[in-house]
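All values derive from a computational prediction rather than experimental measurement.
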Amino acid sequence: MKTIFAIVGSASAHSSNHHIVNHLQQEINANIHFTLFDRLKELPHFDPEESQTHPPIEIIALRQVINDADLVLISSPEYIFSVPSGLKNLLEWCAATTVFTDKPVSIITAAAQGETAHIELQRILQGLGAQIDEKRNLLIQGVKGKLDATGAIWDEQLNLELEKLATQLKED
């Protein structure tokens, strides 16, 4: 069974990115094991010395889940024209490893603008050795205007884009 490990880069429990990932999870076939990680706030602050010699147990476990996944999906907002610090922290814990080497990664940036963070996240993941394919990436600008008050997606174009992405993720 194919496994997708989805990381939500937002620190907010009810973020647009959570809603996007939840919607995408519903679009993906039941034959795919989909795991959601949205606890970035619980990770210890990156320590380069600990990372190589004595990583915390939660980091060891997180690295193993990433390593074992067939594909990693990252859905993130843009905070001050950049990748959110919690997500960057997670990626820094992986820098001294090979967990992202040749790992297929799908990037969704859902934000007001998002262009800068989208490019930055691609660059970081390429630096970690991940397989980045534009067909698996999606920049959603003006995301808050595409969801209703409950987080449901009302924008037909976004629904079509997510449906296309879900199909791509199933095929990869």
Under a single-linkage definition using a 4.5 Å side-chain heavy-atom cutoff for Ile, Leu, Val, Met, Phe, Trp and Tyr, are L162 and V8 assigned to the same hydrophobic cluster?
yes

Are more than 12 heavy atoms from other residues, nucleotides or ligands located less than 6.0 Å from atom CD of E49?
no

Distance-minimising heavy-atom pair for S106 and L165:
OG-CD1, 3.9 Å

Begin from the C-alpha positions of L90 and F37 and carry the test side-chain contact (heavy atoms from CB on, under 4.5 Å) through to its verdict.
CA-CA 11 Å; L90 179 150; F37 182 80; 3.9 Å; yes

Restricting to non-hydrogen atoms, name the atom on A110 and the atom on I20 that form the minimum distance, rounded to 0.1 Å.
CB-CG1, 4.4 Å

Do the non-hydrogen side-chain atoms of P77 and S16 ever get within less than 4.5 Å of each other?
no

Can you measure from CG (D68) to CD1 (I66) and round to the nearest 0.5 angstrom?
10.5 Å

Shared hydrophobic cluster for F100 and F46 (ILVMFWY, side-chain gaps under 4.5 Å)
yes

Applying side-chain contact (heavy atoms from CB on, under 4.5 Å), run through L121 and L87 and close with a yes or a no.
CA-CA 10 Å; L121 191 50; L87 178 56; 4.1 Å; yes

One should read off an interatomic distance between S85 OG and H45 NE2, to the nearest 0.5 angstrom, of 9.0 Å

Can you tell me how far apart CD (Q168) and CD (E134) are? Round to the nearest 0.5 Å.
11.5 Å

Evaluate side-chain contact (heavy atoms from CB on, under 4.5 Å) for S76 paired with K88, printing each intermediate quantity in order.
CA-CA 11 Å; S76 180; K88 182 98 172 20; over 6 Å; no

Would you compute the distance between atom CG of D47 and atom OG1 of T53 and round it to the nearest 0.5 angstrom?
8.0 Å

Any donor-acceptor pair under 3.5 Å from W93 side chain to P44 backbone:
yes

Residue pair L158 / K146: nearest heavy atoms and the distance that separates them:
CD2-CB, 3.9 Å

Provide the closest heavy-atom pair for H18 versus D38 in the form atom of the first, atom of the second, distance.
NE2-OD2, 3.1 Å

Do H33 and D70 meet the criterion of a side-chain donor-acceptor pair at a distance under 3.5 Å?
no

Connected via hydrophobic side-chain network under 4.5 Å: V65 and L40
yes

Should L139 and I7 be counted in the same cluster of Ile, Leu, Val, Met, Phe, Trp and Tyr side chains packed under 4.5 Å apart?
no

Under 3.5 Å: donor-acceptor pair, side chain of K2, backbone of N31:
no

T109 and its side-chain hydrogen bond (donor to acceptor under 3.5 Å, both in side chains) partner, picked from E115, Q141, E120, H118:
H118

Under the side-chain contact (heavy atoms from CB on, under 4.5 Å) rule, what do V72 and V99 come out as? Steps first, then yes or no, please.
CA-CA 11 Å; V72 175; V99 298; over 6 Å; no

Has L160 got more than 12 heavy atoms of other residues, nucleotides or ligands less than 6.0 Å from its CG?
yes

All heavy atoms of A166 vs all of I28, minimum pair found to be CB-CG1, 4.2 Å

Evaluate the side-chain proximity of H23 to N159: yes if any heavy-atom separation is below 4.5 Å, no if none is.
yes

In L73, L169, T3, the residue satisfying side chain to side chain contact (heavy atoms under 4.5 Å, CB included) with F34 is L73

Would one find more than 12 heavy atoms of other residues, nucleotides or ligands at under 6.0 Å from atom NZ of K164?
no

For the side chain of E78 and the backbone of Q113, is there at least one donor-acceptor N/O pair under 3.5 Å apart?
no

Backbone N/O of L128 and side chain of K103: donor-acceptor pair under 3.5 Å
no

Looking only at heavy atoms, what is the nearest atom pair of R136 and P104, with distance?
NH2-CA, 3.7 Å

If hydrophobic clusters are built from ILVMFWY residues whose side chains come within less than 4.5 Å, do I74 and V21 share one?
no

Quick one about D148 and T150 (side-chain donor to acceptor, distance below 3.5 Å, no hydrogens or angles considered), yes or no?
yes

To the nearest 0.5 Å, tell me how far L125 CG sits from I132 CD1.
5.0 Å

What distance separates T167 OG1 from K135 NZ, expressed to the nearest 0.5 Å?
12.5 Å

Donor-acceptor pair, side chain of T97 and main chain of C94, under 3.5 angstrom:
yes

